[in-house]
Structures are given as structure tokens and as C-alpha cells.
Amino acid sequence: MVNKDFSFTPNSSENYHIPKSVIKTSRYEGCWELEIRQQENKDKQDKIVPLAELPLAELPLGLHGYAFIVGALFQSEKKPQEDGTQLYTGDGMVYRLGFEDGKAILKTRIAKTPCYYADPATQFYLGDYAIEPIPFTPFKNKILSYFVKKYKCFSYFSAFRNGGPSRYSIVLGSRNQLNTAFLKTRDHLLLTMDAGRAYQLDPDSMELLEPVGSTEEWCGIFPVISRLTWINIFETYISSAHYVTDLNSSNGKQDELFTTNYSTGYNGKFKKNVNWVLDSNCFRKVVKSFYALLQIEFNPKQELGRFTHLIRYRFANEQKGLQPTMERWRLVLPDGEPVLVDQSLHQLAITEKYIILADIAFKIEFSQIFTPFLFGFLRLWKFNKTHSLGTWIYAVFLQAIKPLPFANLYIVNRQDLDRGNLGYSIEDLPDSRTTIKVKNVRLPREISHFTADYSNPENKKITLHVGHVNGWDVTEWITHYDKSVPGKPFREDLEGMMVGSTDLGSLGRYVIDGETGKIESSKTVQDIQSTWALSLYTHRELNRDSLQETAQEVKNIYWLSLGFTWELIPQRIYDAYKADPRRVVPVEKLPEENKPITLLRLDTQQMEIVDSYHFPSGTYVSSTQFIPSSLPCPEDIDESIHGFIVCAVMLDPDPSQSHRATDEFWIFHADDLKNKPIYRLSASSDSNKKPLNLAMTIHSTWLPDIRQQQYSVEERHHKREESVKKDYQHLIEKKGKAVQELFNVIVFPEFTKQTLEEKFEEFLLPKD
């Protein structure tokens with residue numbers, strides 16, 4: 001078990017700063033009653049006391065509800081690690097941490113989209129130098145089995161492969177792994193990711209229900225290719241992982257959300273030249289000719305290359321007889337030129353009057369997606385120099401492409417959405433009414449994440465709270481071919497882990513005129529101990545997020561800094577940033593010692609870091625979540641800090657039980673981080689029970705109740721069956737018999753049932 005001295009040293013005898021457990025995950029779907037350890041904080045001692053020894057074995061009064069956390073299942077326990085696998089690539093594992101009757105109950109479930117069920121049915125393992133097909137198929141002596149066993153190249157391209165932050169099949173398309181974030185609307189809970197449609201999640205059963213919009217209502221990343229060839233069934237739809245909603249404006253009306261649908265075009269090496277071709281009139285003429293040759297009607301305003309659309313989705317309301325609707329608007333700059341995204345519209349923010357889109361330092365590079373297929377081919381042949389060739393491929397195709405040294409913001413006036421600017425569906429001919437002009441604002445540094453106050457003083461001012469990162473790209477990861485900076489303790493055993501930051505970040509507050517786009521004031525804060533690799537934030541919800549809240553401003557915000565360590569900086573990343581003219585800390589003055597992972601509280605009124613906690617070396621932390629206390633707020637405490645902070649914490653196993661993971665959830669008083677976590681929650685040490693081995697979790701949310709709007713088993717089945725056939729039936733009609741059988745025998749029925757992974761594998765691999 002975890003050392004009872006709270007200022008513990010890592011369990012590993014290596015005393016690494018980053019625990020090896022960050023790249024180990026469990027796919028177990030089940031339920032735990034977590035063991036609870038409480039810190040005695042009245043006298044501020046470090047001793048941890050098991051609750052069994054306390055008079056009342058229960059959690060503190062005021063801690064209630066359910067924290068939902070999602071992470072990516074990095075690598076299957078049943079096959080070797082694939083080349084090109086990034087830590088944030090994997091099926092979404094949803095963790096629901098419930099505080100019920102003084103107990104901490106954890107339930108886990110994998111997010112199973114239709115493509116989840118197609119993946120293992122067409123998959124095989126790659127040995128060192130030869131293909132070894134595995135019988136993940138019920139098609140014994142039938143078509144698909146025939147292809148997998150006889151036509152190796154066909155099976156190779158139909159199988160899904162990991163590449164950067166994506167998983168892709170050249171034949172079937174892109175996996176929608178739903179592993180990034182959540183959105184609570186008035187009546188729905190959604191699970192999201194950047195490269196896929198969001199799905200409704202039933203908070204009680206934790207099953208997926210139906211997607212936001214159908215396949216016919218979304219534009220793929222290259223719409224011209226999908227319309228001309230119908231290559232992929234599972235199209236890649238690029239959206240924002242952080243959808244937004246405003247409960248104030250939707251209260252009493254149709255429940256709604258906002259997101260984006262866009263394409264950056266080609267976003268890898270030589271992208272300027274490639275996108276010039278895609279955006280050119282000559283390319284449009286070529287496409288028009290192909291349409292004529294294939295007798296396909298050509299819409300002269302159809303998107304061919306890059307595009308940026310704002311989406312408003314309104315949910316069905318069966319009581320009022322309202323069907324779901326999906327509207328879209330083309331975004332253009334004041335001069336009429338289209339808004340073109342350079343990196344990623346990973347996040348949106350919404351205020352009383354505006355929607356803010358941020359082009360931030362989180363990009364999907366096509367070279368990352370397709371290079372793993374090249375590496376896979378190296379293993380098709382008995383060729384003993386594949387490592388040298390692999391090194392060359394990485395050097396040419398996977399050079400570090402640094403994020404832009406600034407952040408572009410685009411401001412949409414919400415009134416324009418209903419002031420004659422009518423949204424259109426994907427099949428309609430767009431006209432001038434479907435175009436909205438936005439204000440462009442440029443911030444001087446890259447953004448990791450940001451949020452905004454809900455109120456707009458003087459009916460135009462926007463207040464943003466921003467985490468700035470420097471010398472860091474979270475889409476880069478440690479590869480098999482990376483080398484260490486000479487003399488530095490680089491960790492080759494953490495292959496797949498995202499690289500570390502090479503420079504100091506800062507926290508910022510900006511006040512912007514929403515009508516002109518002018519930055520009226522700004523202030524930033526940086527701290528040599530606490531603002532490295534600023535990643536995630538949390539704060540008490542505002543009244544746009546919950547009708548039970550009244551606050552309109554973010555007075556206190558909690559940021560997680562992932563610290564600094566040479567263990568995560570390979571030579572190629574060091575070389576990419578060492579001569580950057582905008583460095584805060586000169587490369588020769590980078591710390592020799594590790595800087596700790598830090599949970600900090602920023603007072604946004606004074607712009608001061610007023611509270612913080614440095615996590616011990618040997619832990620890795622993610623997914624901070626504010627939970628408001630259910631008790632009345634004392635007069636001497638502001639409501640914005642009246643509650644608790646929950647974090648997911650990864651630790652290496654105790655050497656005496658090296659086969660068991662020891663990951664935990666830590667709980668802090670939101671008004672007293674320095675007093676250390678008041679509770680640590682872990683799985684039982686009972687060897688008969690499953691260990692708690694968390695995925696690399698990302699974002700989170702919190703619900704006070706999970707049974708507000710329940711669906712029966714029959715209703716859930718009906719929603720899934722109707723949506724999945726509407727999405728894919730018309731697409732598989734254009735495919736061969738093998739693909740049709742894959743969907744009719746596996747995808748449609750298993751998605752409808754939401755079959756658990758263990759049962760699904762039994763179905764695919766029946767015992768003799």
C-alpha cells in the first residue's frame with residue numbers, strides 16, 4: 001500500500017520523477033468501493049490514518065455528487081506497443097467517482113462508439129518481422145477471415161493503426177475514441193474529442209446513447225475526397241473538444257450547444273505549398289471536371305479545402321414535438337476573407353453576448369497519422385536494418401513542428417446568429433445570410449487552455465483567463481528513436497509519453513473590447529517554481545453552467561502545472577526550442593533539478609498565486625475538478641473557494657506488490673491547498689480484487705445527481721439502433737460484402753447492446 005508518511009518517497013527504487021505507471025493502463029470495466037485514508041489536519045501532521053480507526057468511517061460533510069473523468073487507454077495489455085502511439089491515443093475510459101452515503105464508489109466504462117466494435121474485428125498483431133493474424137472475427141471460413149489470412153496487404157490497410165493523437169484505417173476510416181472532455185447542457189451529458197462527433201452519455205448506466213448530428217450533417221476533414229470517392233465509412237470530423245452551452249439563454253427553450261466543424265487542410269511538413277494547391281481556383285476546376293465525369297452535381301459554393309464553421313445544435317424535445325436541428329455558419333474576417341485555422345480550435349468559451357474561438361497550440365499533423373503505416377511495412381519484410389530506416393523516416397516526416405508563437409482568437413457576436421443570419425444544413429446551398437463576420441484578436445503567447453467570465457461589462461467587454469505555455473507542444477511524444485540531451489536523465493522507457501516543457505509558462509488575464517477586438521488591458525503572472533507546463537484548470541461553475549449558481553465572474557481559478565524534468569525532453573525537442581528568440585528562461589539556465597507538479601490557486605482580481613501544493617516526486621497528476629460544498633458558505637470565505645478539489649494521481653507500485661497498481665484520487669479543501677490533501681482514495685490491497693490502474697486522464701466534470709433524467713433499457717437500445725443505422729446504412733451499401741457483413745453482424749447489434757469489452761472478446765474469440 002501507499003506509504004503512510006505523507007511526504008513519501010517514490011515506491012520505485014529508481015527514484016524517478018515521473019512514475020512508470022503513467023504508460024500503464026487497465027481496461028477493466030467494473031466498480032470499486034475505494035479505501036479512504038484521511039489526513040489529520042487539525043494539528044497539520046503528515047500521518048495518514050485509515051478510516052477504519054476513526055469514530056465515523058465516512059467522507060466529510062459537504063462532499064457530494066459525482067465527478068466524471070475521462071482518459072485514453074494508451075495501450076492494450078494483450079499486444080505489444082505499436083510504433084507511433086501517443087499517450088493520449090486510445091479508447092476513452094470514463095471514470096465516475098461518486099460520493100454516496102459517506103463512501104467513495106468508482107465505476108468505469110469504456111466509451112464504445114460504432115467504430116470501437118469494428119476495430120478488434122479487423123485487427124491483427126504485428127510481430128517483429130512478420131504478420132501474425134489473430135482470429136478476432138466470427139467469420140470463420142467466411143469472407144473477412146479469408147481476406148485477413150490470404151490477403152495480408154488488404155488486412156493491413158483495413159486494420160486500424162495508431163498515429164499521433166489518432167487511430168486510423170486506410171479502408172474503414174478514423175476512430176472516434178471519445179477520450180477528451182465532457183459538456184453538461186441543461187438536460188444532457190456529452191462526451192467529446194477533437195477528431196470526432198460528441199455522443200450523449202447516460203450518467204447512470206454510463207452507456208453511450210446517440211451522436212450530436214448525423215454523418216450527413218457533418219463535413220469531413222477533406223469533404224471533396226469523401227464525396228468523390230466514399231473511401232471511408234468512419235469519416236474524420238474535426239470539431240472542438242470543448243463544446244459550450246449557456247443555460248441562461250436555453251432555460252425554458254430548446255436545449256442547445258455550440259461547437260465547430262472545420263478543416264486545417266494539410267497540417268504537416270510542406271503544408272504551405274499543399275494548402276496553396278487545395279485552396280486554388282485551379283484545384284476547384286479540376287474537382288468540377290471530376291464531378292462532371294462522375295455525373296455528380298457540383299455545388300459551386302461547396303467546401304473543398306480548408307473551412308471553418310460555427311455549429312449550433314438543438315436537442316430534440318419529445319414533449320413539445322421538436323426534432324433535433326443542426327445549423328452552421330461560415331466564419332469570415334472583417335475583410336471578407338475566410339477564417340482559416342492554423343492549429344486547432346480545441347476550445348471555445350461563451351459569455352452573455354459572445355462566443356470566443358481560440359486557435360491554440362494543439363494540432364493534428366497528417367504525417368503523424370500516416371507514418372505508422374510506413375513503419376508497419378518495415379515489419380512486413382524480414383529486413384534487419386529497419387531501425388536505421390525508421391530513424392530516417394522520423395527525421396524526414398516527424399520533425400518537431402513548433403506551435404505558433406501567438407494565439408489567434410475569433411469573437412462571434414451571438415446576436416448575429418438570430419439577426420437574419422440563418423444557419424444552413426450541409427446539403428443546402430449557402431448564401432450571404434450564412435456568413436458571419438468575426439473580430440480577430442491576437443494574444444502574444446501560445447495558449448494551453450482558457451476560460452471567460454460570463455458577464456460583459458458595458459455590454460461589450462470580455463474577460464479571459466488564460467494559461468500560456470512556451471517551448472512546449474503536447475502533440476509531441478517520446479518515440480522509440482529519440483535520444484537524450486547529453487548528460488541529462490532522459491527516460492527512454494517512457495515511450496509514448498508526451499514530451500515535457502522546455503520553458504517557463506505564465507498565467508494571464510485579458511480584457512478585450514468585443515466590438516473592436518482591441519485588448520484594453522492585460523496582466524500576466526509567472527513563477528519559477530509553479531508555472532511550468534500549465535495544462536488543466538478548474539473553477540466553481542458560473543450561472544451559465546448551472547442554474548443553481550449565481551456568480552458571473554471567475555474570481556479564483558485552479559491551475560495544474562506539470563512541472564519541469566529532463567526525463568521528458570529528448571534531443572530533437574531540445575534542439576527545436578533552444579534558440580527560440582522568445583524564450584523566458586535561457587536554455588543554458590534551465591533548471592538542473594526537477595520542478596514539481598503543482599496545484600495552484602490564482603486570485604484573478606489581484607492576479608496573484610495565493611495558494612499552492614507541490615506534489616511529491618514520483619507522482620503524476622491530472623484531471624483537477626472543483627466540487628462545490630453542499631454546506632452553507634461561511635461569511636469569511638468566498639463562494640468561489642467553498643468546496644473541494646479532486647485530482648487523479650498516478651504512482652508506481654509498491655516493490656513488495658509490483659504486479660498491483662497503486663493509483664489514487666486525492667481530495668483537497670479548495671480554500672487550503674497548502675494543508676495537503678485531506679483524503680486519498682485507493683483500491684483495496686486485497687489480491688482478489690482488481691487494482692486501480694488509471695489511464696492518462698484528461699478533462700472532467702461534476703454532476704450533483706445522475707438519475708435526474710433516466711432512460712429505460714429499451715429506450716437506450718432504441719436510440720442507439722436508430723442512430724447507428726441512420727449514420728452508416730447508406731454508406732455500407734456502397735461497399736463489398738465483407739464490410740456489409742462486418743456492420744450487420746458485429747457493429748450494428750453490438751453497439752446497440754453496448755456490449756462490455758470482456759463479453760465482446762468472448763464473442764470474437766469463442767472457446768473451442
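Every heavy atom of this structure was used, including side-chain atoms; hydrogens, water molecules and symmetry mates were not.
The backbone N or O of Glu758 lies less than 3.5 Å from no partner atom in the side chain of Glu761, so there is not a single donor-acceptor pair. One N or O on the side chain of Thr215 and one on the backbone of Asp727 form a donor-acceptor pair closer than 3.5 Å. Here the side chain of Asp359 pairs no donor or acceptor atom with the backbone of Val341 at under 3.5 angstrom. Distance alone, capped at 3.5 Å, places no donor-acceptor pair between the Ser723 side chain and the Glu210 backbone. Gln625 places no side-chain N or O within donor-acceptor distance of the main-chain N or O of Val646, the cut-off being under 3.5 Å. With Ser263 contributing its side chain and Ile221 its backbone, the two residues share a donor-acceptor pair below 3.5 Å. Looking at Glu29, its side chain does come within 3.5 Å of a backbone N or O of Glu757 through a donor-acceptor pair. A donor-acceptor distance shorter than 3.5 angstrom exists from the side chain of Thr108 to the backbone of Gly30, with no hydrogens or angles considered. Checking side-chain atoms of Arg109 against main-chain N and O of Leu208 turns up no donor-acceptor pair under 3.5 Å. Remark: the backbone N or O of Ser239 is not paired with any side-chain donor or acceptor of Asn261 at under 3.5 angstrom.
The pair Asp202-Lys719 does not count as a salt bridge, with every side-chain nitrogen at least 4.0 angstrom from each carboxylate oxygen.
Side-chain atoms of Tyr728 and Val747, non-hydrogen and from C-beta on, never get closer than 4.5 Å to each other. Side-chain contact between Arg314 and Asp255: absent, with no pair of heavy atoms (C-beta onward) separated by less than 4.5 Å. Two residues are said to be in side-chain contact when any heavy atoms from C-beta on lie closer than 4.5 Å; Ile732 and Phe748 meet this criterion. Side-chain contact between Ile69 and Leu694 is absent, with no heavy-atom pair separated by less than 4.5 Å. You'll find the side chain of Ile746 reaches within 4.5 Å of the side chain of Phe760, heavy atoms only. No side-chain heavy atom of Phe307 sits less than 4.5 Å from a side-chain heavy atom of Arg330. Within the 4.5 Å cutoff, side-chain heavy atoms of Leu562 are placed close to those of Tyr620. In this structure, Trp477 and Thr89 have side chains that are not in contact, with every pair of non-hydrogen atoms separated by 4.5 Å or more.
Note on ring orientation: taking the six-membered ring where Trp is involved, the planes of His346 and His242 are perpendicular (angle over 60°, cut-offs 30° and 60°). Under the 30°/60° scheme for interplanar angles, the aromatic rings of Phe315 and Tyr313 are found to stand perpendicular.
Between Val244 and Leu348, the closest heavy-atom pair is CG1-O, 3.5 Å. Among all heavy-atom pairs drawn from Asn744 and Pro749, the shortest one is O-CD, 3.4 Å. Residues Leu178 and Met193 come closest through the heavy atom pair N-SD, 3.2 Å. When every heavy atom of Leu536 is checked against every heavy atom of His449, the shortest pair comes out as CD2-CE1, 4.0 Å. Scanning both residues, Leu247 and Lys184, for their nearest heavy atoms gives CD1-O, 4.4 Å. What you find for Tyr95 and Asn693 is that their closest heavy atoms are OH-O, 4.2 Å.
Taking NZ of Lys753 as the reference point, atom CD of Glu207 lies at 12.5 Å (rounded to 0.5 Å). Rounded to the nearest 0.5 Å, atoms CD (Glu495) and OG1 (Thr479) are 7.0 Å apart. With rounding to the nearest 0.5 Å, the separation of CG in Asp119 from CD in Gln177 is 7.5 Å. For the atom pair NE2 (His730) and CD1 (Ile233), the distance works out to 10.0 Å, reported to the nearest 0.5 Å. A distance of 9.0 Å separates CG of Asn179 from OG1 of Thr192, quoted to the nearest 0.5 Å. For the atom pair NE2 (His699) and CG (Leu191), the distance works out to 12.0 Å, reported to the nearest 0.5 Å.
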Is there a side-chain hydrogen bond (donor to acceptor under 3.5 Å, both in side chains) between Thr245 and Thr185 once you walk through the steps?
-> CA-CA 6 Å; Thr245 189; Thr185 69; 5.7 Å; no
Given ring-ring contact (aromatic ring centres under 6.0 Å, His included), test Tyr66 with Phe68 step by step and report yes or no.
-> CA-CA 6 Å; Tyr66 300 83; Phe68 284 79; 7.0 Å; no
Go through the steps to decide whether Arg197 and Val212 satisfy the test side chain to side chain contact (heavy atoms under 4.5 Å, CB included), and finish with yes or no.
-> CA-CA 6 Å; Arg197 295 175 295 163; Val212 170; 5.5 Å; no
Start with the C-alpha gap between Lys112 and Leu756, add the side-chain angles, then the distance that decides, and say whether side chain to side chain contact (heavy atoms under 4.5 Å, CB included) holds.
-> CA-CA 9 Å; Lys112 302 181 187 69; Leu756 293 175; 4.2 Å; yes
Could you walk me through whether Met93 and Ser26 pass the side chain to side chain contact (heavy atoms under 4.5 Å, CB included) check?
-> CA-CA 9 Å; Met93 175 66 91; Ser26 170; over 6 Å; no
Are Thr624 and Thr538 close enough, and set up right, to give a side-chain hydrogen bond (donor to acceptor under 3.5 Å, both in side chains), and what steps lead you there?
-> CA-CA 6 Å; Thr624 56; Thr538 187; 5.2 Å; no
Arg167/Cys115 under side chain to side chain contact (heavy atoms under 4.5 Å, CB included): CA gap, chis, key distance, verdict = CA-CA 11 Å; Arg167 184 167 175 82; Cys115 57; over 6 Å; no
For Thr113 and Asn176, run side-chain hydrogen bond (donor to acceptor under 3.5 Å, both in side chains): C-alpha distance rounded to whole Å, both residues' side-chain angles, the deciding distance at 0.1 Å, then the answer.
-> CA-CA 7 Å; Thr113 51; Asn176 181 3; 5.4 Å; no
Derivation of the side-chain hydrogen bond (donor to acceptor under 3.5 Å, both in side chains) call for Thr755 and Glu750 | CA-CA 6 Å; Thr755 307; Glu750 300 305 312; 2.6 Å; yes
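Residues meeting the salt bridge (Lys or Arg N to Asp or Glu O under 4.0 Å) test with Asp91, sequence neighbours left out: Arg27, Arg175. The ring pair (Phe, Tyr, Trp, His ring centres under 6.0 Å) search around Trp472 returns none, not counting sequence neighbours.
Of the residues Ile311, Leu417, Val412, Thr308, the one that meets the side chain to side chain contact (heavy atoms under 4.5 Å, CB included) test with Trp329 is Leu417. In summary, of the residues considered (Tyr116, Tyr117, Phe743, Trp218), a ring-ring contact (aromatic ring centres under 6.0 Å, His included) with Phe234 occurs for Phe743 alone.
Counting non-hydrogen atoms of other residues, nucleotides and ligands closer than 6.0 Å to NE2 of His718 gives a total of 12 or fewer. Heavy atoms of other residues, nucleotides or ligands lying less than 6.0 angstrom from CD of Gln729 number more than 12.
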